[in-house]
Amino acid sequence: MHITLRDISKKFKSNIVFKNLNIDIQSDSIYCLLGSNGAGKSTIINLLANLTEPEEGAILIDGKTFAKHELSLKKTIGLQSQYNQLIEELNAYDYLHFVGLLYGMRETELHSQIQNLFDYFFDDKEKLKKSIKTFSSGMKKKISICAALVNKPQLLLLDEPFANLDPSACARLCSLIKKYRTNNRIILISSHDLLYVDQIATNIGILEQGELVFNDTLDIFKNNSKNDLGTSLLKYLSPKAENNIALDKII
Ligand SMILES: Nc1ncnc2c1ncn2[C@@H]1O[C@H](COP(=O)(O)OP(=O)(O)OP(=O)(O)O)[C@@H](O)[C@H]1O
């Protein structure tokens with residue numbers, strides 16, 4: 001698998017998010033998108049999931065565009081969105097079953113995949129029988145991640161997957177992501193959780209004000225710097241990481 005964002009321009013009304021953005025991602029990558037709030041990480045994920053479209057440029061998945069191959073491409077993608085994608089009136093099983101049917105999965109395969117996901121992520125499965133609206137935010141996040149994995153997609157898109165998860169769930173997710181990586185899959189993750197990014201990323205892209213200011217392997221990023229990932233990342237982000245004048249006024 002291979003994904004390309006070529007000369008992408010994207011704006012929301014007068015807010016220009018990207019101008020001529022180019023990214024290429026190859027199979028076998030765990031590509032982590034980093035950057036400040038509002039830099040455009042979720043927008044890239046939403047473009048790749050075809051939830052929004054660019055004003056200019058092309059999005060190619062294995063050389064194909066959504067315009068010509070919408071359904072077949074969407075079947076290869078699993079998405080955990082930052083926005084609520086759940087149908088909260090349903091219980092966890094029925095929701096994942098519904099998602100699997102949308103992907104055209106066969107009943108037996110779908111049933112066993114849902115059970116496997118529940119076994120992996122949930123120690124207390126009794127609560128899963130209730131409607132999703134009664135779940136904690138971390139449980140909802142785990143169900144969204146399960147939904148992204150239900151059809152074992154070739155392109156796995158995870159938008160802030162670690163936010164709201166407890167340390168045990170984060171550790172399980174890290175193990176899963178590392179094992180999920182194969183030579184015909186791409187895992188694209190937006191995250192601010194550098195501890196986990198450091199554990200799982202093969203490649204990182206740093207977005208700052210709509211520009212891809214770094215795009216290479218995690219090893220190269222770390223070898224270029226003598227600092228930890230967080231300190232190194234701050235160099236690429238807005239210079240006002242500490243705004244002491246405002247801070248003094250607040251205190
Ligand atoms: N649906 C929308 N309507 C209007 N503006 C939007 C919409 N979605 C995103 N934007 C704008 O696009 C820009 C990029 O937002 P995006 O959510 O992609 O950033 P992000 O890097 O994911 O941020 P965060 O780290 O806070 O999640 C921001 O300026 C945001 O205000």
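From a predicted model like this one, the values you see are computed outputs, not experimental measurements.
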Revision key, fill the gap. dist D123:CG -> K125:NZ (nearest 0.5 Å) comes out at 6.5 Å
Check your understanding: Looking at L73 and T76, what are the two nearest heavy atoms and their distance?
Key -> O-OG1, 2.6 Å
**Study point:** Within 6.0 Å of CD in Q82, more than 12 heavy atoms from elsewhere
**Key:** yes
**Study point:** Path from I59 to M1 over hydrophobic side-chain contacts below 4.5 Å
**Key:** yes
Check your understanding: Above 12 or not: heavy atoms from other molecules or residues under 6.0 Å from NZ of K11?
Key -> no
Revision key, fill the gap. Heavy-atom closest pair (L86 atom, N84 atom, distance to 0.1 Å) is N-OD1, 2.9 Å
Point to revise | side-chain contact (heavy atoms from CB on, under 4.5 Å), paired with L128, selected from I114, L96, N91, I143 | key: I143
Exercise for review: Look at the side-chain heavy atoms of Ile, Leu, Val, Met, Phe, Trp and Tyr, link any pair under 4.5 Å apart, and say whether L102 and M105 land in one connected group.
Suggested key: yes
Check your understanding: Is there a donor-acceptor pair under 3.5 Å between the side chain of K41 and the backbone N or O of S36?
Key -> yes
Practice item. Treat each ILVMFWY residue as a node, draw an edge where side-chain heavy atoms are under 4.5 Å apart, and state whether Y31 and F214 are in one component. Key: no
Practice item. In sequence, state the C-alpha distance, the side-chain angles, and the governing distance for Y95 and Q85, and then conclude on side chain to side chain contact (heavy atoms under 4.5 Å, CB included). Key: CA-CA 10 Å; Y95 172 66; Q85 64 194 81; 3.8 Å; yes
Check your understanding: Under a 4.5 Å cut-off applied to non-hydrogen side-chain atoms, are I189 and V197 in contact?
Key -> no
Check your understanding: For atom CD of E56, is the number of surrounding heavy atoms from other residues, nucleotides or ligands below 6.0 Å larger than 12?
Key -> no
Check your understanding: Do T202 and T217 have side-chain heavy atoms sitting under 4.5 Å apart?
Key -> no
Point to revise | Closest heavy-atom pair and its distance - K140, I132 | key: CE-O, 3.4 Å
Check your understanding: Can I30 be reached from L5 by stepping across I, L, V, M, F, W or Y side chains whose heavy atoms are under 4.5 Å apart?
Key -> no
Revision key, fill the gap. In N22, D24, N20, the residue satisfying side-chain contact (heavy atoms from CB on, under 4.5 Å) with R6 is N22
Exercise for review: Any chance you could lay out the salt bridge (charged side-chain N to carboxylate O under 4.0 Å, His left out) test for D228 and K222, step after step, and finish with the verdict?
Suggested key: CA-CA 8 Å; D228 63 274; K222 284 162 75 172; over 6 Å; no
Let me check something: any side-chain donor-acceptor pairs from residues 149-162 under 3.5 Å, sequence neighbours excluded? List them with distances.
| unit_1 | atom_1 | unit_2 | atom_2 | d |
| --- | --- | --- | --- | --- |
| N151 | ND2 | K75 | O | 3.0 |
| Q154 | NE2 | N184 | O | 3.1 |
| D159 | OD1 | S42 | OG | 3.4 |
| D159 | OD1 | S190 | OG | 3.1 |
| D159 | OD2 | S42 | OG | 2.8 |
| E160 | OE2 | H192 | NE2 | 3.2 |

Point to revise | Residue pair F221 / S232, side-chain heavy-atom distance below 4.5 Å | key: yes
Review point. Taking atom NZ of K74 as the centre, does the number of heavy atoms from other residues, nucleotides or ligands within less than 6.0 Å exceed 12?
Key: yes
Practice item. Indicate, with yes or no, if I8 and I61 share a hydrophobic cluster defined by side-chain heavy-atom contacts under 4.5 Å among Ile, Leu, Val, Met, Phe, Trp and Tyr. Key: yes
Review point. What distance separates L212 CG from N215 CG, expressed to the nearest 0.5 Å?
Key: 4.5 Å
Point to revise | Inter-residue atom distance K141.NZ - C146.SG, 0.5 Å rounding | key: 12.5 Å
Exercise for review: Quick one: pull up NZ in K179 and SG in C174 and give me the separation to the nearest 0.5 Å.
Suggested key: 14.5 Å
Check your understanding: Ignoring hydrogens and geometry, is there a side-chain-to-backbone donor-acceptor pair from D94 to L90 under 3.5 Å?
Key -> no
Exercise for review: Kindly say whether N183 contributes a backbone atom to a donor-acceptor pair with the side chain of S27 at under 3.5 angstrom?
Suggested key: yes
Check your understanding: Taking side chain as C-beta onward, heavy atoms only, is L60 less than 4.5 Å from I3?
Key -> no
Practice item. Go through the steps to decide whether I200 and L218 satisfy the test side chain to side chain contact (heavy atoms under 4.5 Å, CB included), and finish with yes or no. Key: CA-CA 9 Å; I200 59 175; L218 179 65; over 6 Å; no
**Study point:** S81 (side chain) donor-acceptor with Y83 (main chain) under 3.5 angstrom
**Key:** yes
Review point. Looking at side-chain heavy atoms only, is the closest gap between L195 and L229 below 4.5 Å?
Key: no
**Study point:** Value rounded to 0.5 Å, distance of NZ in K19 from CG in D7
**Key:** 12.5 Å
Check your understanding: Are R172 and F121 in a cation-pi setup, meaning NZ or CZ lies under 6.0 angstrom from the ring centre and within 45 degrees of the ring axis?
Key -> no
**Study point:** For L188 against L48, the heavy-atom pair lying closest together
**Key:** CD2-CD1, 3.3 Å
Point to revise | Charged tip of K142 within 45° of F122 ring normal and under 6.0 Å | key: yes
Point to revise | Flag for E88-S131: side-chain donor and acceptor within less than 3.5 Å | key: no
Check your understanding: Is a salt bridge present between D28 and R181, judged by a nitrogen-to-oxygen distance below 4.0 Å?
Key -> yes
Review point. Would Y120 and S175 count as a side chain to side chain contact (heavy atoms under 4.5 Å, CB included) if you check the C-alpha gap in whole Å, the side-chain angles of each, and the deciding distance to 0.1 Å?
Key: CA-CA 11 Å; Y120 188 69; S175 302; 3.5 Å; yes
Practice item. Return the set of residues passing side chain to side chain contact (heavy atoms under 4.5 Å, CB included) with T43 (not counting sequence neighbours), or none when no residue passes. Key: K10, F12, V17, F18, L47
Exercise for review: Show the numbers, then the answer: is there a side chain to side chain contact (heavy atoms under 4.5 Å, CB included) between L233 and L34?
Suggested key: CA-CA 8 Å; L233 182 63; L34 311 177; 4.0 Å; yes
Review point. What's the verdict on ring-ring contact (aromatic ring centres under 6.0 Å, His included) for F98 and Y103, showing C-alpha distance, side-chain angles and the deciding distance?
Key: CA-CA 9 Å; F98 172 72; Y103 279 111; over 10 Å; no
Check your understanding: Could you walk me through whether N203 and D216 pass the side-chain hydrogen bond (donor to acceptor under 3.5 Å, both in side chains) check?
Key -> CA-CA 6 Å; N203 295 67; D216 214 320; 5.4 Å; no
Point to revise | Distance in Å, I87 CD1 paired with K133 NZ, rounded so as to fall on 0.5 Å steps | key: 12.5 Å
Review point. Nearest heavy-atom pair of A39 and G35: which atoms, and what distance?
Key: CB-C, 4.3 Å
Exercise for review: Taking all heavy atoms of A163 and all of D193, pick out the closest pair and write down the distance.
Suggested key: N-OD2, 4.0 Å
Check your understanding: Are more than 12 heavy atoms from other residues, nucleotides or ligands located less than 6.0 Å from atom NZ of K130?
Key -> no
